[in-house]
Structure formats: structure tokens, C-alpha cells
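Note that ligands are numbered from 1 as they come in the structure, with each ligand's atoms numbered from 1 the same way. Predicted, not measured: the structure shown is a model, and the values here were computed from it.
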Amino acid sequence: MTKQLISVIVPVYNEEADIYNFITRSLLPAVEKNNYDYELILVNDGSTDHTLEILQQLSKENKHIVTLSLSRNFGKEPALSAGLDYARGDAALTIDADSQQPPELIPKFLEKWNSGAEIVTGVRSHYTKHGLIPKLGSKLFYRLLRMMGNKSTVPGSTDYRLIDRVVIDEFNKLSEHNRITRGLIDWLGFKQEYIEYVYGVRTAGKPSYSFKKLFHLAIDSFVSMSTTPLVIFGYIGIFITIASFILGVFCIINQYILGDPLGLYWNGSVQLAIFITFLIGLVMISQAITALYISHIHAESQGRPLYIIDQKESRNTKK
Ligand code: UDP
Ligand code: MG
């Protein structure tokens, strides 16, 4: 029986300082000690230092190592997608190039996959983000993501992940451009298991995800996964409209029918203020409605499949 093939995918961007050691000393040994065939796909994401030459050198030394070089820096998400598109394995494992995700855990990922999991996700154990802002930021990120209806994303999920062929194929069918791999994989479904690990410290080089980039990533995740922000403003609009309408009716009855028994002396500007608040409420509602239309257009343009069939669980189908 031929051995199963594992595709290990590493996005690499300006990692010349440590990439050679990382691949040869820690990643390869961890991959090779399993009883699987492997291909190691190194995706050079438009590095501007000597990373590419090092990757090509690695490919020369070991025929299992594929160097896939993107024409410029596209970002980690597109780099991962390129790797997954190229992967031929029965499963693919994605891991960062900076030793923050310990390769020693690879056998554990494979074990879970072997016992039936189709997605195995590495989850950062508590409080290993360094610095207060990243820590609070990531907590807030997951709290908001959950609030906005994305219940399936486990806090601390990382891109250290193994996915089965069936998931790779479905993932490769998705065509949206603004992609957060994590969110999409969760959206796909399938049997998911988790492995907790301590997120290490970068051995060399600089993290290329600045606070600004992370912030954009967070906004992207919300916008691409949910319409809750729009709906919230719609509700605020409804509240304002109803409240100012009641106030308006109260004002008319109090002033013109009962002759101001409460002695409020509401003059023209108060009445105008109530009327304008009422109009603002209406504008907010109509904006939310417009936004809902846009979100429908957005959903259509993402072109996601309506459903995904789990062939393994299905019976008597012809495929
Ligand atoms: N990376 C990439 N393209 C980019 C930025 C990063 O391929 O534009 C790679 C990087 O080389 C590393 C992984 O993505 O292997 C994670 O990057 P980083 O360590 O900067 O992010 P963090 O650890 O903060 O998530
Ligand atoms: Mg890192």
C-alpha cells in the first residue's frame, strides 16, 4: 500500500535570518519521523531579502521541498491559499516560518487526523500573547466575533492547522478575495478537533503583522463574516424614531389639547428638535435598509456555495 501524502505549507516573508535552520533542524525532523510521504511547500510571499535564494537552495538539497514564489508580497492569507491550491496531499498542514508554532506537535495533528478529524486546529493556550495591547486586542476580537454570530470560531484559533483533502477541495472552490482563512474554514464545517499549544516567541526577524495590519484583519473578519454592525444601527434608528414619535405626540396633546397642565412651556425650538430627531431616526433606518441590500449584493458577489456535502457521511450517492 502506498503511503499517504502530507503537504506541509509554510508562508514565508522576509525570514532570511532563521528559515534555513527552522526548516532543516526543526520542521523536517518533525515531519519525517511520521510514517507518511510528504511534500514541503514553501511559499515565498514576495520577500525582499535573501529568503528566496535560501528556499531555492533548500529545494535543491531535498526533492520533497517545493518552492512556490509569488510575484510580489500578497500577504499571508493569499500565500496560504496559493499553497493549498498547489498541494497534492491527502491532508495539508499549514505552519508559520518563525518557530512560534512548535513543529514537535505535528505527530499529534496527524494522530487526530488519523482518528477521523477532518480539520485539526492549533489553539493558543491562554495569555501567551506578549504585550497588553495584542492580548486585549485578541480577546476583544474573539468576543466581538462571537457577539456577531460567528459562534464556531474558538478563541485563540491559529493558522497552525491540518485539513483533510475534502476540506482542501472545498476551500479551493471559494473565490472571495478578502479572505480570512480561519473564518472560511470554520464556515465550511466538517469535523473539527483542537490542539492546545503555547505560542512561542519569534526566534529571529520581525513579525510583519503590525497593529495596523491586525486591526484591518479584524475589521475584514467582521465585514466578511457578518452583517450585525449594520443591523445594530438600524435598531438604534428604530428606537430613536419611536421615542421621538411618542415625545412628539405627548407634546401636541400636552400643549394644544390640554393647554400645558404640566407647565413645561415647550416652545418652537423644542418642538423642532423633537421633529428633527424623529427624522434622524428615519434616516438611520433607511440607511440600515440600504446597507442590508448592499450586504445581499456582497454575499452574492462572494459566490460562496449554498451548501457543502460531506461525501464521507453521505450514503448511496454516485460519486
Ligand atoms: N507572512 C507572509 N506574508 C506576509 C506576512 C507574513 O507570508 O505578508 C508569513 C511569515 O513569514 C510567517 C507567517 O506568515 O511565516 C506569520 O507571520 P508573522 O510571524 O509576521 O505573524 P504573527 O506571528 O504575528 O501572526
Ligand atoms: Mg509569527
Residue list, salt bridge (charged side-chain N to carboxylate O under 4.0 Å, His left out) with D169, at least two apart or on another chain: R165
For ligand 1, which atoms sit closer than 4.0 Å to a heavy atom of Q100? 19 (O), 23 (O)
Note: ligand 1 atoms sitting under 4.0 Å from heavy atoms of E15 are 10 (C), 11 (O), 12 (C), 15 (O)
One residue to check: D96. Relative to ligand 1, which of side chain, backbone, both or neither has a non-hydrogen atom less than 4.0 Å away? both
Between the side chains of D164 and K191, is the shortest nitrogen-to-carboxylate-oxygen separation below 4.0 Å, so that they form an ion pair? no
For I252, which fellow cluster members are found when Ile, Leu, Val, Met, Phe, Trp and Tyr are connected by side-chain heavy-atom distances below 4.5 angstrom, either directly or through intermediates? Y256
Region of Y199 engaging ligand 1 - heavy atom pairs below 4.0 Å: side chain
Determine, for R72 against D45, whether the closest basic-nitrogen to carboxylate-oxygen distance falls under 4.0 angstrom. no
Which one holds for N73 and ligand 1: side chain close, backbone close, both close, or neither close, with close meaning a heavy atom under 4.0 Å? side chain
Does the S7 side chain pair with the main chain of A92, one donor and one acceptor, at a distance under 3.5 Å? no
What N/O/S atom of D98 gets nearest to the Mg ion (ligand 2)? OD2
Got a sec: does the CZ of F250 have more than 12 other heavy atoms crowding it under 6.0 Å? yes
I'd like to check whether A97 has a polar contact with ligand 1, where a contact means an N/O of the residue lying under 3.5 Å from an N/O of the ligand. yes
Strictly under 2.8 Å, is any N, O or S atom of Q101 next to the Mg ion (ligand 2)? no
